[in-house]
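Taking it in order: structure first as C-alpha cells, then the write-up.
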Amino acid sequence: MANQMPGQPRNPRTSVKGPLMFSAFWGVVAFFGVLIFASGGSAHSPRFDLAFTGAGIAFIVTLVIAAMLSMSYKDNAAHLGKGSGVNLSSAKRPSHGYGGPGPQTPPSTPRSADSSNPDGETP
C-alpha cells in the first residue's frame with residue numbers, strides 16, 4: 001500500500017472490490033437457495049425472512065474468509081523463481097548425510113548346479 005499513488009486504481013491484491021463482489025455473489029446464491037428450499041413447496045408462501053438471514057450470513061462469512069486469505073498472502077522470495085526444475089544446482093551433494101554410496105563392487109557370478117561336487121562346496 002505504500003506504493004499506492006493518488007488517483008491511480010489499486011491493484012487486485014489491495015482492492016476491496018474483489019472480495020466484496022465475491023461475497024455478494026455468494027450472498028445472492030444463498031438468498032435464492034434459501035428462498036426456494038425453505039418455502040417447503042409451491043403451496044406455501046416464500047420465506048423471505050430466512051432468505052435474507054441466509055444471504056447475510058453467507059455474505060459475512062465469505063467476506064471474513066476472503067479478508068483472512070488476503071491478509072495471509074505473502075510474495076515468494078526472489079531466489080525461488082530462479083533456475084528450472086526441482087534440482088536448481090548441479091553440484092554433487094552428499095545424500096542423507098552419509099556421503100553417498102561407497103565403492104561399487106562387481107556382482108559375483110552364481111555357481112552352476114551341475115558341479116562335480118554334489119554338496120556344492122568348493123574343494
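Remark: Asp49 engages Arg47 in a salt bridge (charged side-chain N to carboxylate O under 4.0 Å, His left out) (not counting sequence neighbours). For Phe52, the ring pair (Phe, Tyr, Trp, His ring centres under 6.0 Å) partners at least two apart in sequence or on another chain are Phe31. Not a single ring pair (Phe, Tyr, Trp, His ring centres under 6.0 Å) links Phe59 to another residue, sequence neighbours left out.
Pairs engaging residues 27-40 under the salt bridge (Lys or Arg N to Asp or Glu O under 4.0 Å) rule: none recorded [sequence neighbours left out]. Listed by first and then second residue, the salt bridge (Lys or Arg N to Asp or Glu O under 4.0 Å) pairs that reach into residues 54-65 come to none, sequence neighbours excluded. Within the structure, salt bridge (Lys or Arg N to Asp or Glu O under 4.0 Å) contacts touching residues 52-62 (residues at least two apart or in different chains) do not occur. Under the salt bridge (Lys or Arg N to Asp or Glu O under 4.0 Å) criterion, no residue pair touches residues 24-41, with sequence neighbours excluded. Applying the side-chain hydrogen bond (donor to acceptor under 3.5 Å, both in side chains) test to residues at least two apart or on different chains, none of the pairs has a partner in residues 50-60. Applying the side-chain hydrogen bond (donor to acceptor under 3.5 Å, both in side chains) test to every pair with at least one member in residues 23-45, sequence neighbours left out, gives these pairs: Ser23-Thr62.
Hydrophobic cluster membership for Val34: Leu50 (Ile, Leu, Val, Met, Phe, Trp, Tyr linked by side-chain heavy atoms under 4.5 Å, directly or transitively).
Follow the hydrophobic side-chain contacts under 4.5 Å out from Phe22 and you reach Phe25 in the same cluster. Hydrophobic clustering, with ILVMFWY side chains joined whenever heavy atoms are under 4.5 angstrom apart, groups Val61 together with Leu69.
In this structure, Ala30 and Gly54 approach most closely via the heavy-atom pair CB-O, 3.8 Å.
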